[in-house]
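The block underneath contains the structure these notes are about, expressed in structure tokens.
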There are 2 protein chains.
Amino acid sequence: MTMSRIAKIAGVSVATVSRALNYPEKVRPELRNRILEIARQYNYVYHAAAADLKRQKSNAIGVLFPTTIGPLFAETLMAIQEKIQEHHMALIVGNTMYSKAEEARLVKQFQERRVAGIIFTGYGLGQENLIRNLMRQNIFCVVTYENLEDTDINYVGFDNFKAAYDATNYLISLRHKRIGLIIGPYRKMGRLLKRFKGYQQALKDHGIQFDAALVVSTEPGLLEGKQAMRQLLHLPEPPSAVFAVSDHLAIGALSSIKQAGFQVPGDISLIGFDGVELAAYCDPPLTTVRVPARDMGRLATEVLMKSINNGVKRAMQYCLDADLIIRKSCSELK
Amino acid sequence: MTMSRIAKIAGVSVATVSRALNYPEKVRPELRNRILEIARQYNYVYHAAAADLKRQKSNAIGVLFPTTIGPLFAETLMAIQEKIQEHHMALIVGNTMYSKAEEARLVKQFQERRVAGIIFTGYGLGQENLIRNLMRQNIFCVVTYENLEDTDINYVGFDNFKAAYDATNYLISLRHKRIGLIIGPYRKMGRLLKRFKGYQQALKDHGIQFDAALVVSTEPGLLEGKQAMRQLLHLPEPPSAVFAVSDHLAIGALSSIKQAGFQVPGDISLIGFDGVELAAYCDPPLTTVRVPARDMGRLATEVLMKSINNGVKRAMQYCLDADLIIRKSCSELK
DNA sequence: TTGTAAGCGTTATCAG
DNA sequence: CTGATAACGCTTACAA
């Protein structure tokens, strides 16, 4: 069933049918209802591709994630979804699996579908140019989880440096001096690099010598956290506190510590990062840094919608707060 | 940039450009390369909507989830993604938030985009007719996480009844008789209902009287698991073992048990459901039922692709295994 | 191997 | 308030 068939049945023109469907107020109520009724009867389904073609844009927006496994990104995705559905738009997602090639493929797919905008989540290093290119093609972009230096790109992030600084600082305030760091592949990811630097800076500001042996960089994941912790435990002089830069890593580390027969926080203090709900249910409940995953998703979507509706304006940039949530996995060094 | 502009520049017809892009072998190599080169130079981007319109179908497929929060669905989604990307198709996702209205909206959106197929994940009760309708409109469907009675609908599920039966049975084999059940809203969800029945049947088969006081139905979630367990703990005669029908529920329950000063499995045996990686990192590591989340995603996508490519055939139905993973959270009743 | 030409179902402009 | 009509960018018989 198409508009023109409906038009024929109703004895009106396609234009009128289109209007009845899209701008109800532009059609005489009686006629409008008759058209709508016929559409319903014949199970008419709007053909989005045809409209997109004519209008030269779609109402779909694309979202790029490294992966949606892991509660953080998943929460952000849900928030995006909700907002997008409010705006009656469609969502195309892609998981890049942290691969540049995959990302390129997905961006191309988005372009082919003429998405109105793209949200980059958990964005890699050095893709500003990709984004500028997209913007030049009238595809609006927002990046989340990062706060960029660039002043021309929309972002909704949080201060990764400060968040890591605060966490490390907290450990230091508890008199810890040998503080281990378990972190993802920070050389490849801007936000991880910033966290790494936050850790270093906190050490420096308190006159603690940075010790490369205390940092282990690994893939994210429970098992990896466990292995990393084991490595730390086997050091000649193991740390008295560990900052695991994701709750998953921390949970893995926790199991490793327990398995080795140590207590948390009695023997080793442990702090996570992300603030997933689960952290509160660990034994002991995990002190962590709460990343505003949901808020970022919401805000990023709003920013995107505004860009789309207002056309090119100057970039909107938001840096949200990431708060330290103190629970029971850290204690003062005796 | 469009095909016809490229055609003009290359001094050929649109048809040739289209062929050069879509069926490279149908164009003389030299000419093809010239066209491709021009396309690249001018940054040509294929217009998927136009093609969809002409072809009367799109290469997008839709996936419906209740929510992607929670590692299980997220894993299935990732598996689907991977497969879909292999087939160079696009993925449109929707979270129904367990709402019929949202689901209807999303299905409509999928139809408007003329998706080639839809994967229903974590499907609610009584939607067979919705699916049959879709099938009548040439939209192929697969449902996952369920094994349907209907013989005309594709599904890739696992035996929810048997999985729950086995878990309960295991507890019984450990001499438990008062076995609590913490379960989601099973009255609304087919697969939960089946698990509930599996639990009941196992009891019955061993001559254990079903006691409604021992089952608490709740929303899924950590907090809910905790509260449900508290409720069970306050029973005049609390259970000696608890079957929590999701690992999240189980982890919540675990924290509740510990908080009340009891030991797992010493005082209370606990078994989860889902088999998320995390369960292995609990203290104690959680015995659970492993749901083949990833395999279901993969297979469901393959089934869908086959349906799409082969046109209407008879339904493909797969029932995968859900295995009991025995770890340390259950012990024999003393 | 390549070209011609007719649409696909909408939207939007312009006229009535 | 309504109608006629020309695109939008692509695919695909069919013809050359």
Side-chain angles (χ1 to χ4, degrees), chain A residues 1-36 38-39 42-60 88 90 108-116 137-138, chain B residues 1-36 38-39 42-60 88 90 108-116 137-138:
Chain A
M1 190 42 61
T2 69
M3 283 193 185
S4 67
R5 303 255 283 285
I6 292 182
K8 209 146 283 165
I9 295 167
V12 298
S13 74
V14 251
T16 303
V17 175
S18 173
R19 281 190 286 255
L21 259 30
N22 294 306
Y23 310 94
E25 73 284 1
K26 293 195 157 192
V27 171
R28 184 165 38 93
E30 191 222 344
L31 178 53
R32 178 183 61 215
N33 290 332
R34 194 152 59 83
I35 292 173
L36 261 30
I38 294 177
Y42 286 83
N43 257 310
Y44 167 74
V45 185
Y46 182 77
H47 198 307
D52 287 356
L53 174 58
K54 177 63 200 177
R55 278 218 203 83
Q56 296 288 63
K57 63 169 181 176
S58 91
N59 74 137
H88 297 284
K108 186 173 152 233
Q109 202 169 69
F110 290 166
Q111 291 179 272
E112 291 181 350
R113 300 230 151 254
R114 298 298 190 267
V115 295
Q137 293 169 53
N138 261 311
Chain B
M1 189 43 59
T2 69
M3 283 193 186
S4 68
R5 304 254 283 285
I6 292 183
K8 209 147 283 167
I9 295 168
V12 298
S13 76
V14 254
T16 304
V17 176
S18 172
R19 281 189 285 253
L21 260 27
N22 294 305
Y23 309 94
E25 74 285 1
K26 292 194 158 193
V27 172
R28 178 165 44 90
E30 190 221 345
L31 178 53
R32 177 183 63 216
N33 290 333
R34 193 151 60 83
I35 292 173
L36 262 29
I38 294 176
Y42 287 82
N43 256 310
Y44 169 74
V45 185
Y46 183 77
H47 199 306
D52 286 357
L53 175 57
K54 177 63 200 180
R55 279 219 203 83
Q56 296 290 63
K57 64 168 183 176
S58 90
N59 74 136
H88 297 284
K108 188 174 151 232
Q109 204 169 70
F110 291 165
Q111 290 179 271
E112 292 181 350
R113 299 232 150 252
R114 299 296 189 269
V115 295
Q137 293 169 52
N138 261 309

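Computation of the quantities below employed the complete heavy-atom set of this structure, encompassing side-chain atoms and omitting hydrogens, waters and symmetry-equivalent molecules. Letters A, B, ... mirror the listed sequences (proteins, then strands); counts begin at 1.
Using modelled atom types, no side-chain atom of R113(B) and backbone atom of F110(B) make a donor-acceptor pair closer than 3.5 Å.
Nearest-nucleotide positions on DNA chain C place E25(B) closer to the 5' end than the other of E25(B) and Y23(A). Nearest-nucleotide assignment on DNA chain C puts the 5′-proximal partner with R32(B), out of L53(A) and R32(B).
When the nucleotides dA12(C), dC10(D), dT2(C) are ranked by their closest atom to the side chain of Y44(B), dC10(D) comes out on top. Across dG7(C), dT2(C), dT11(C), the shortest atom-to-atom separation from the side chain of K54(A) is found for dT11(C).
Rounded to an integer number of Å, the gap from CG of D52(B) to P of dT10(C) is 14 Å. What separates NE2 of H47(B) from P of dA7(D) is a distance of 17 Å, to the nearest Å. In this entry the distance linking CZ of R55(A) with C1' of dG9(D) reads 16 Å, nearest Å. Between the CZ atom of R28(A) and the C1' atom of dG3(D) there is a distance of 13 Å, rounded to whole Å. Between K26(A) atom NZ and dC1(D) atom P there is a gap of 10 Å when expressed in whole angstrom units. The separation between L21(A) atom CG and dG9(C) atom C1' is 12 Å, rounded to whole Å. Between the CD atom of E112(A) and the P atom of dG9(D) there is a distance of 15 Å, rounded to whole Å. Atom pair M1(A):CE and dT10(C):P shows a separation of 11 Å (rounding to whole Å applied).
For the segment residues 6-19 of chain A, the set of residues with a heavy atom within less than 4.0 Å of an atom of DNA chain C comprises A15(A), S18(A), in numerical order.
Look at Q56(B) and you won't find any side-chain N or O under 4.0 angstrom from OP1 or OP2 of dG7(C). Proximity of Y46(A) to the phosphate of dT11(C): a side-chain N or O atom is located under 4.0 Å from OP1 or OP2.
No more than 12 heavy atoms of other residues, nucleotides or ligands shown are found within 6.0 angstrom of CD on E30(A).
Annotation for M1(A) and Y44(A): closest pair O-CD1, 3.5 Å, computed over non-hydrogen atoms. Summarising the geometry of A116(B) relative to S58(B), their closest heavy-atom pair is CB-O, 3.6 Å, with the distance given to 0.1 Å. Shortest non-hydrogen contact noted between D52(B) and A49(A) is CB-CB, 4.0 Å. Residues V27(B) and T16(B) come closest through the heavy atom pair CG2-O, 4.0 Å. Of all the heavy atoms in N59(B) and H88(B), the pair that sits closest is OD1-O, 3.2 Å.
Residue-level contact check: N22(B) touches the backbone only, with heavy atoms under 4.0 Å from sugar-phosphate atoms and none from bases.
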